[in-house]
> 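One structure coming up, written as structure tokens, with questions to follow.
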Amino acid sequence: MGQQTQTTPTKKPHQTLVFAVNGERFELSELDPSTTLLEFLRSQTSFKSVKLGCGEGGCGACLVLLSKYDPVQDRVDDFTVSSCLTLLCSVNGCSITTAEGVGNSKDGFHPIQERFSGFHASQCGYCTPGMCVSLYSALINADKTDRTGLRPGFSKLTVSEAEKSIAGNLCRCTGYRPLVDACKSFAADVDMEDLGFSSFWKKGESEDIKLSKLPPYNCNNATHVFPEFLKTVIKAGFNLESEGCGWYCPGSLEQLQSLLQTDEVNDGTSMKIVVGNTGMGYYKELGHHNKYIDLRYIPELSIISKDQTGIKIGASVTISKAIEALKDENEGGINQEGKLVFEKLADHMERVATGFVRNSASIGGNLIMAQRKHFPSDISTILLSVDTMVDILTGHRHETITLEEFLGRPPLVSNGVLLGIKIPCWKSRGDISSKTYTKLLYETYRAAPRPIGNALPYLNAAFLAEVSLCKKSVGIVLNNCRLAFGAYGTKHSIRARNVEEFLSAKLLNFGVIYEAIKLLESTIIPEEGTSSPAYRTSLAVGFLFEFLSPLMNSYTDISKLWFDGYNSDLLSNGSKIKQNCDQFNQIKSPTLLSSAKQVIQLNEDYHPVGEPLTKVGAIIQASGEAVYVDDIPSPRNCLHGAFIYSTEPLARVQGIKFKPGSSPHGVSTVISFKDIPGENIGAQTIFGSESLYADELTQCAGQRIALVVADTQKNADMAANLAVVDYDKTNLEPILSVEEAFEKCSFYEVPHLLNPEPVGAFTKGMAESDHQILYAELKLGSQYYFYMETQTALAVPDEDNCIVVYSSCQCPEFAHDTIAKCLGVPSHNVRVITRRVGGGFGGKAIKAIPVATACALAAYKLHRPVRMYVNRKTDMIMAGGRHPMKITYSVGFKSNGKITALKLNILVDAGMSADISPVMPHNIIGSLKKYDWGALAFDIKVCKTNLPSRSAMRAPGEVQASFIAEAIIEHVASSLALEVDSVRSINLHKFETLKLFFNTCAGEPLEYTLPSIWDKLAISSNFYQRTEMLKEFNRCNKWQKRGISRIPIVHPVMLRATPGKVSILRDGSIVVEVGGIELGQGLWTKVKQMTAYALSLIQCAGTEELLEKVRVIQADTLSLIQGGFTAGSTTSESSCEAVRLCCNILVERLTALKERLEEQMGPVKWETLILQAYMISVNLSANSLYVPDFSSMQYLNYGAAVSEVEINLLTGQTTILQTDIIYDCGQSLNPAVDLGQIEGAFVQGIGFFMLEEYPTNSKGLVVAEGTWSYKIPTVDTVPKKFNVEILNSGHHKDRVLSSKASGEPPLKLAASVHCAIRAAIKEARQQLHSWGGLDESYSTFQLQVPATMPVVKELCGLENVQRFLQWTIGSKQLDSAGRTV
């Protein structure tokens, strides 16, 4: 029987996989069952909009719309899924829609894509297709609803749904605000005034006019069409056997048992049971399976049924479907209390993972991972709290047990299957006696870095309690309760039964709660090795306190709320007694973004320069048609590479082999330093070079040792994971900290020109001070780039010993030189091409070169094309990231806060090679000088360690300096008990001191706009009024505290020599090449505008339309040399100036001809002029190299920000309520582009200061696991209200058309958030001091970077609940029942 079940399906006529992609039919009879939908789409179709961002289902870059037809109900279900996790065999009979299928340049763009472009919501564009698919899915499903009263031109989406449609998608560029605006523009309830800056309308236009200018959307014509040919495809499951691997879809439990028994007999067989395959995102697969069993076609596992006793959910039901069932009010006759419990369960499930993961992930799969692999599940915790039962089938044995028993058992055996669960319908027992009123309370909790999902919790909890209000007594009795906790560093979710028993039948008072909490502390103990264990325990305490404390109001309040309307809602959000409840709920259910304003002053002096034009290529980025390196079709016989890296910081490499018993598939060869024909060089800067591969000695954990070359990227990655390196560490002692480097004098030399000069006399300044801090210490960690596109390259051998390399690189010129040296060939044999980069932030500068060089070397050696797309984990290990630092300082200051002297000692961790690290002293001091320190002395050591080499990351050294400066200002203010804003103000530069600190780059007095920005921001942000309101808020709220901070920046930048080339073609169209690379920063857009402006100076008819005739093309190192770096925020303006020089030459060449033609025929059209120029052989191609004058090479950028935050004292969660920025862009070349840079940079800074931890093990090897543990900002962690004003500061004669940089300086303004958090913590500590929890030094503390939830909570007091209860119990303001009077 078992054998028949396994083999018979292959003989059936329908055993081919049939599906559609964008309406195109695909039919496959052979494939590897482990193939994902992403792999198929990218390698076997022309649709490349699906991107590999993480491979974990954590970023949204690979999203597609999956549509399934239900013949019984004659309806189509449409939902998003992560194609990187979805197995291709699971899409039989389904229709797949990618961004190209939503809209494209051939068939027409969808309004979604047009609005994303018009709202300036795409920068690098790598995430944009996934964003569009997310919104498309939301629109389709909203328009299926029966909502009425629609406004013409809008969908049925609500604003909340529109915002949340992209909540699971990551973006590293935009800061999310324009993305949300584009989504909200479709919402029926949107206020058009709330939508931000766009290219569709001008400020002040009416709502009707705005709506008329939006790309039209008609929900009646927007229905997604399911291909008719798929409606006839048999849906009973799909079975396939191919090359020893099989995919099976049993249609009954009997067939499933047969398959499982067969596998049990065949001991060598590797079996995998799948539903959505989302577990692969967390538990990475390093090997192949022989048998895949899809459970989705077994009716018993897909059941959803509801009656008065509860709800049954089959194990293969997706979490999204379970949420729908729990929220469905039309079935089963469930009582009101039961419905409210179900709703709470559903609400919590909506904060698990992301929508597109919940659409695939099954309830059973989640519970199995929790039971077998100890996955930190939310679902197991909340189901445990409501006495959920589970059905299990083991062999032929069927049993029903409690979820608690199931979780506590040994891991379910391989032939065991979870069939489903039953959640009972809860209701209170009614009146226990005539003397009481009884109610049921239920609440769930989770503390996670992201409020609305896409992050594992530090701890989750769910509490169910039956309480009674005594008619004659004076309090509430807790009759019984269920307290479940999970994800805190335990094998599985647990019930705190000892606490439950203690609370049972207790009359609640503060004494009882305190004893319960003490008992809970001894119960919730994370296992050894769990991060932040004390924090997790404190969360459990906080959640229980939050649940119970609202019941501690006075008897009068309780009675009034119980009987006057709250009695029927005690299970809803109103279940918490109102006055206390408001303290907790504010952050419990966070809203997303509110309205924001963008103030932009347009400049029409150099039309079209200064216009807020849409970014070049934004629309094809939204449709997925923009081509990135990994989108280039693989040439014939193409191979793929993956790095083998060191796991030891300093060791001799004895050899490399694969794990015993493993047999890597498709491996061609392994390339190491021994295969290099030229120099062993992988990257180079003016400060030195870095080896491509370690020779006999590895210099750090994460260093490249070799390259595995295989037939596919998957096989190359798997083989690299199977590699075992034999090390010898005898007599080798690595340097793993800056302290060890300092002791061993292990430093890099800093060139004299990059060594900044001290200012003033430190000794004299200290003598003039009234107060001194003689020693203080700060430490700063690293930050990972998290560009959405990881490092990638494609190398193609060419004729005559030449090679062409396509690289996602910020400096192709340096890659070109490195490759030539490594291969030992002349530079003219190498050609490096870069069209666009999917996010760089400095990480695609030096760090991209080894990837391009490794591919070039392999291609050169094997005479075959070789490409590589570095997986996210390897990329994180090798990236290096931002420079960690240790800072000590001494500072002297007057009693009014004016600082007179500052001395700094800074140790910078540069890692194993110099990279760009010798520039760090220059960058640090340049940014630190934003304040008038009186006298400034410093000693900065750039340390050489056995850690990955650090590289430039957006504002390298400068963002650290911004933090250092603010930390010192905060310390001084704290020491003097002064308002920190007054200390900042008194230490701002006057122009005289600015010139003293910055010398020639200070410019003219009128250019120093910071003082006016500082004052203007105070007014526009209502800074002083909000400061007073905040004080009142803090007085009235025990468990939330707010802080506000205003900070300035002064940011020096330097222009570099940049080439340009402009060519006019016969038809009058224009081709432009520049040395700068388009990273998403709008460089091509500004260059295009500059070209149109500069050529329009010829003043002939038709030049007003030149903008549409200009195309900027990819960088090619043999076509345009001396391209240099795209870095430092100034490449856009220098590229524009290079182009302007070219255009000036062309205008000069054409002027004489134009004048002759005008004499002959009157006004001359542009096309006529160019055609005539061709006929008489005028040279219509011009090259230039813009070399900035020494006097204009450096200048200063100014800006300021106010940020207000709210922290939750029970969890440590921070909400950024509002940020206001004013930034001086000079006369912006494109205000829309600069606005995007300001917002995006600021949000990336939020990541550094609040969220992003980049941990390593004791050997320095990065242990952050992709999107699971590395948390960049998301739409729910950015400022709720985000106001930005771009200041047009007038004419700057030494600037490029009076413009100034915008790419990096605003990132430093994010320190305002950190300072605001510190201010809120100070309020919390003052309160804790009043409760007796801190001594008199409570106001002196350090807030580390990043200020994560555990960090904030610890400073607010891990035992603040206990201290409050002790203080309350100890006071005399209690009634006889132990409640506050």
Side-chain angles (χ1 to χ4, degrees), residues 42 47-54 59-63 98-100 102-105 109-110 112-136 166 169-183 199 613-632 785-790 792 806 808-810 834-841 843-844 869 1076-1088 1111-1115 1126 1132 1230 1232-1233 1235-1237 1239-1241 1243-1244 1272 1303:
R42 293 194 59 79
F47 307 117
K48 299 297 175 70
S49 65
V50 286
K51 311 295 186 190
L52 178 59
C54 65
C59 72
C62 70
L63 289 192
T98 70
E100 295 99 330
V102 175
N104 56 71
S105 56
F109 295 109
H110 193 281
I112 289 173
Q113 295 156 335
E114 294 173 316
R115 295 191 193 185
F116 268 64
S117 174
F119 277 98
H120 312 289
S122 182
Q123 290 188 24
C124 88
Y126 209 74
C127 70
T128 314
M131 297 275 184
C132 290
V133 171
S134 285
L135 178 57
Y136 183 58
I166 58 165
N169 297 70
L170 301 185
C171 174
R172 193 56 150 168
C173 298
T174 64
Y176 296 101
R177 195 273 313 159
L179 287 162
V180 171
D181 280 343
C183 295
S199 64
L613 300 179
T614 299
K615 180 183 171 294
V616 170
I619 191 75
I620 59 170
Q621 288 174 183
S623 68
E625 296 170 284
V627 178
Y628 299 82
V629 170
D630 200 50
D631 298 333
I632 299 169
Y785 305 98
F786 216 105
Y787 25 59
M788 293 302 294
E789 170 202 51
T790 59
T792 182
Y806 300 88
S808 182
C809 183
Q810 292 178 235
T834 302
R835 177 175 293 180
R836 60 172 57 83
V837 173
F841 320 114
K844 300 276 182 68
Y869 189 83
I1077 304 300
E1078 177 58 58
L1079 312 171
Q1081 83 281 46
L1083 183 148
W1084 280 7
T1085 310
K1086 292 180 176 179
V1087 164
K1088 184 174 178 177
R1111 180 179 293 278
V1112 187
I1113 63 171
Q1114 63 195 20
T1126 299
S1132 291
N1230 183 316
V1233 166
L1235 175 66
Q1237 289 295 287
E1239 292 178 336
V1243 170
Q1244 197 169 80
I1272 69 170

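Numbers for residues simply follow the sequence, beginning at 1. Because only heavy atoms are used, hydrogens play no part in the values below, and waters and symmetry mates are left out as well, while side chains stay in.
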> Which heavy-atom pair separates Ala622 from Ala99 by the least distance, and what is that distance?
O-CB, 3.8 Å
> For Met131 versus Leu179, what's the shortest heavy-atom pair and its separation?
CE-CD1, 3.7 Å
> Are any non-hydrogen side-chain atoms of Val616 and Val1112 less than 4.5 angstrom apart?
no
> Yes or no on side-chain contact (heavy atoms from CB on, under 4.5 Å) for Asn169 and Cys127, after CA distance, side-chain angles and deciding distance?
CA-CA 8 Å; Asn169 297 70; Cys127 70; over 6 Å; no
> Ignoring hydrogens, what is the shortest heavy-atom contact between Phe119 and Asp181? Give both atom names and the distance.
CD2-CB, 4.0 Å
> Which heavy atom of Thr98 sits nearest a heavy atom of Ser49, and at what distance?
CB-OG, 3.5 Å
> Can you see whether Tyr628 has Arg836 sitting over its ring - NZ or CZ less than 6.0 Å from the centre and within 45° of the normal?
yes
> Got a salt bridge between Lys48 and Asp630, using NZ or NE/NH1/NH2 to carboxylate O under 4.0 Å?
no
> Any heavy-atom pair between the side chains of Leu1083 and Ile1077 that's under 4.5 Å?
no
> Taking all non-hydrogen atoms of both residues, which atom of Cys124 and which atom of Gly838 are closest, and how far apart?
SG-C, 3.5 Å
> Tell me whether Glu1078 contacts the main-chain N or O of Trp1084 through its side chain, where contact means a donor paired with an acceptor under 3.5 Å.
yes
> Using the side-chain contact (heavy atoms from CB on, under 4.5 Å) rule, pick out the option among Glu100, Glu625, Gln113 that qualifies with Ser105.
Glu625
> Distance from Leu135 atom CG to Arg115 atom CZ, nearest 0.5 Å?
9.0 Å
> What I'd like to find out is whether the side chain of His120 reaches to under 4.5 Å of the side chain of Thr614, using heavy atoms alone.
yes
> Less than 4.5 Å apart, any side-chain heavy atom of Cys171 and any of Met788?
no
> Could you check whether Lys844 makes a cation-pi contact with Tyr787, meaning its NZ or CZ is under 6.0 Å from the centre of the six-membered ring and within 45° of the ring axis?
yes
> To the nearest 0.5 Å, how far apart are CD1 in Ile619 and CZ in Phe116?
10.5 Å
> Would you tell me whether Asn1230 and Thr1085 have side-chain atoms, one donor and one acceptor, within less than 3.5 Å of each other?
no
> Give, for atom OG of Ser808 and atom CG of Leu1079, the distance between the pair rounded to the nearest 0.5 Å.
8.5 Å
> Are Thr128 and Gln621 close enough that a side-chain donor and a side-chain acceptor fall under 3.5 Å?
no
> With rounding to the nearest 0.5 angstrom, report the CZ to SG distance, Phe786 to Cys59.
6.5 Å
> Roughly how far, to the nearest 0.5 Å, is the CD atom of Glu789 from the CG atom of Leu52?
10.5 Å
> Please report the closest heavy-atom contact between Ser117 and Ala618, naming both atoms and the distance.
OG-CB, 3.6 Å
> Does Arg42 reach the main-chain N or O of Val50 with its side chain, forming a donor-acceptor pair under 3.5 Å?
yes
> Give a yes or no answer on whether the side chain of Gln123 reaches the backbone of Gly1236 with a donor-acceptor pair at less than 3.5 Å.
yes
> How many angstroms lie between atom OH of Tyr806 and atom CG of Asp631, to the nearest 0.5 angstrom?
13.5 Å
